[in-house]
There are 2 protein chains.
Amino acid sequence: MSDKPTTIKEIAKILKISVSTVSRALNDHSSIGLTTKMRVKKLATELNYEPNQKAIQFLQGKSHIIGVILPELSESFFSTAISGIEDVAYKRNYTVLLAQSHDDADREKLLVEKMKTQRVDGLLVSVSKTTSTYEHFEMFKKLNIPVVFFDRIPPIKDIHYVASNLENGTYEAVNFLLKKGHRTIGMINGPTTLVASHERKEGYIKAMISNRLKFDPSLIVSCDLSETGTIDVMNTMLNHRRKPTAIVTFNDYVALFAMRYTRSLELEGIDFVSYANLPIINYMDYTPIASVEQFPYKQGKKAADILIDLINRPKNETGTEQAYFNVVVESELIVPTPK
Amino acid sequence: MSDKPTTIKEIAKILKISVSTVSRALNDHSSIGLTTKMRVKKLATELNYEPNQKAIQFLQGKSHIIGVILPELSESFFSTAISGIEDVAYKRNYTVLLAQSHDDADREKLLVEKMKTQRVDGLLVSVSKTTSTYEHFEMFKKLNIPVVFFDRIPPIKDIHYVASNLENGTYEAVNFLLKKGHRTIGMINGPTTLVASHERKEGYIKAMISNRLKFDPSLIVSCDLSETGTIDVMNTMLNHRRKPTAIVTFNDYVALFAMRYTRSLELEGIDFVSYANLPIINYMDYTPIASVEQFPYKQGKKAADILIDLINRPKNETGTEQAYFNVVVESELIVPTPK
DNA sequence: TAATTTTGCGCAAACGTTTGCTCAATGGTT
DNA sequence: AACCATTGAGCAAACGTTTGCGCAAAATTA
């Protein structure tokens, strides 16, 4: 019966016109008469015709697939981002080829190869923590396949990327705490190698300065983000000559560790502000009083949009300087309304 | 330079042999001489040849894409499952076309259409909460495209599915609580329409009976899984003539709601056991003392494997009864070792 | 009315690969 | 020496669609 999908040929045969006419009619080409168009379209819908994407993609040398390589699909930040990527891809008629590196540089490299084999039209990557070489990405550039980095940006030049700017979010966070009356605000920052750590620090400083307060560098401490590391820096904080009454932490995990620790010491009254990684925070008993939202969904959308734009940009004339998209998604302080 | 990928044609031209010979040589066809094979393969690797998947897929009428429709990508259960699906698809050379229904039946229907348009070779679905009609899936059956349901199974006949059996996990959970000395065990179950609710109940009953205890149906209450709903049923529980000393909850969210509520009443000493949805539970202060693991990763893997098997099964001779895969992944009680 | 433009449509090539068929050359058997 | 089997390789079709080019008929202009 309806076993094999209808093709353009069959429509042509039934209507006794040529395949090309049918094709053009369906694509609303200007050189086809209105009546013919109508007839073709009518029959097409009757026969439930749907163009064979494979054939089109093959013919046009486009796979209409974008590769997405992320460290961990099951991490909330990334799965939310995927959600955004998928929504855009869907809307723009692209397919998402998904892969996860599990934060392993070797596997990541393999995946990049695989993506090449699959002839993806573009690549969206959040690099693994352990990635230290980047030739596999350079290769894509040579092949003229656009690559957009996303959230975790490698430290190389001439790349497209989308990342969140944590400076202003942090600024708002610190400002919020200042407005609440806090004067001694600690910050548990991440490793100094991360761009993200630097941005957080800048935001902190900016907030202090704009409130005409002196910036005390010793109130910002680096942390390896583990639980024991967090406890260590908390001890430093709590023994500081100026004991903070509020603390900004690098992420939700650190916040939870720190809060758990202070409670175990039966310390009360320290306000925590964090960066939103965990939607589940809504279900918890003790949570930061505010958090900086990084909009992973939005970031994913943006990155996908840029990638697809790049894929469809007019052939870059050789010799012309290539422009690089460096998009920054602003972060924002979210203060939950108490229920 | 290396702008356009190498094709089989170029290899043929360089070696002054025909395209078909090259193709066969690369595919280790028996009718090609060893020397020719060697020459071809050597040049192929030198030229970095990689077959154009699109062309092959087009020619063979196979897209090598499996569609995956899930309610929410960012929910941990599903993103973990995806992880498993992706790993299998990757290994078996399939591409995952991802889409999320956001638990909206209409969107789900649209997505199914889209999948059809994209000519997926197979479909993996966890149906949305609001889905109540299933013709769009029937259509796939007519087109001879296999569909495997997964975790959330629609209540219709003659389908392939993979789901977890919660009966034995629940049995273990209740048993565990009984061993701990509890005699009055409550259960906050989900809507009675769900298969999952039924299985949980069966497991509960089985555990009671095998311990020679009387089963009290009034200790099992249905809940809409919302926070207010949870509080309602908790009130019922707490005012029960036999107040439970332990409660099995439908999922982690319900457990958290319930635990928060009991703490707000300054009630202590009720043990909770839940079903593992949330990895983040490790970071929390108050958690269930045990949980039933449903192995979403394993389920995803299994479902993907079955789907791809179905895709590649020999053409089902008309008239032959079709066999349906109904795979059950056993659940298991996990008791965290206290740190 | 003749010359020109416009309109509407068909022909055929192209995309990269696989595969059934054909066929020549080689080697082995009577 | 005549015959057959095997081996190795080429020809060409096929998959479904798009698109440049060509061409006839109709419509417009001069």
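Atom set for the values below is all heavy atoms of this structure, side chains included, hydrogens, waters and symmetry mates excluded.
By the neighbour-count criterion of 12 heavy atoms within 6.0 Å, atom NZ of A/Lys13 is sparsely surrounded, having that number or fewer from other residues, nucleotides or ligands.
Residue B/Phe149 is tested with B/Tyr161, B/Tyr134, B/Phe137 for a ring pair (Phe, Tyr, Trp, His ring centres under 6.0 Å); the sole match is B/Phe137.
Rounded to the nearest 0.5 Å, atoms CD1 (B/Ile65) and OG1 (B/Thr95) are 5.5 Å apart. Separating the CD atom in B/Glu75 from the OG1 atom in A/Thr80 is a distance of 11.0 Å, to the nearest 0.5 Å. Atom CZ of A/Arg92 and atom NE2 of A/His64 lie 10.5 Å apart (nearest 0.5 Å).
No side-chain N or O of A/Glu113 forms a donor-acceptor pair with one of A/His136 less than 3.5 Å apart. A donor-acceptor pair shorter than 3.5 Å can be found between the side chains of A/Ser128 and A/Thr131. No hydrogens or angles considered: a donor-acceptor pair under 3.5 Å links the side chains of B/Ser18 and B/Thr21. B/Gln57 and B/Lys54 are linked by a side-chain donor-acceptor pair at a separation below 3.5 angstrom, with hydrogens and angles left out of the test.
Under the salt bridge (Lys or Arg N to Asp or Glu O under 4.0 Å) criterion, A/Arg39 pairs with no residue, sequence neighbours left out. B/Glu50 is linked by a salt bridge (Lys or Arg N to Asp or Glu O under 4.0 Å) to A/Lys116, counting only residues two or more places apart in sequence or in another chain.
Atom C1' of nucleotide D/dG10 and atom NZ of B/Lys13 are separated by 17 Å, given to the nearest angstrom.
No side-chain heavy atom of B/Leu98 sits under 4.5 Å from any side-chain heavy atom of B/Ile69.
Contacts between residues 17-42 of chain B and DNA chain D, defined by a heavy-atom separation under 4.0 Å, are made by B/Ile17, B/Ser18, B/Ser20, B/Thr21, B/Arg24, B/Ser31, B/Ile32, B/Gly33, B/Thr36. For the segment residues 44-58 of chain B, residues with any heavy atom less than 4.0 angstrom from an atom of DNA chain D are, sorted by number, B/Phe58.
Axis angle between the ends of the helix from C/dT1-D/dA30 to C/dT30-D/dA1, five pairs each and rounded to 10 degrees, works out to 50°.
Protein chain A contacts DNA chain C over a range whose 5' and 3' limits, counting nucleotides with an atom under 4.0 angstrom from a non-hydrogen atom, are C/dG8 to C/dG16.
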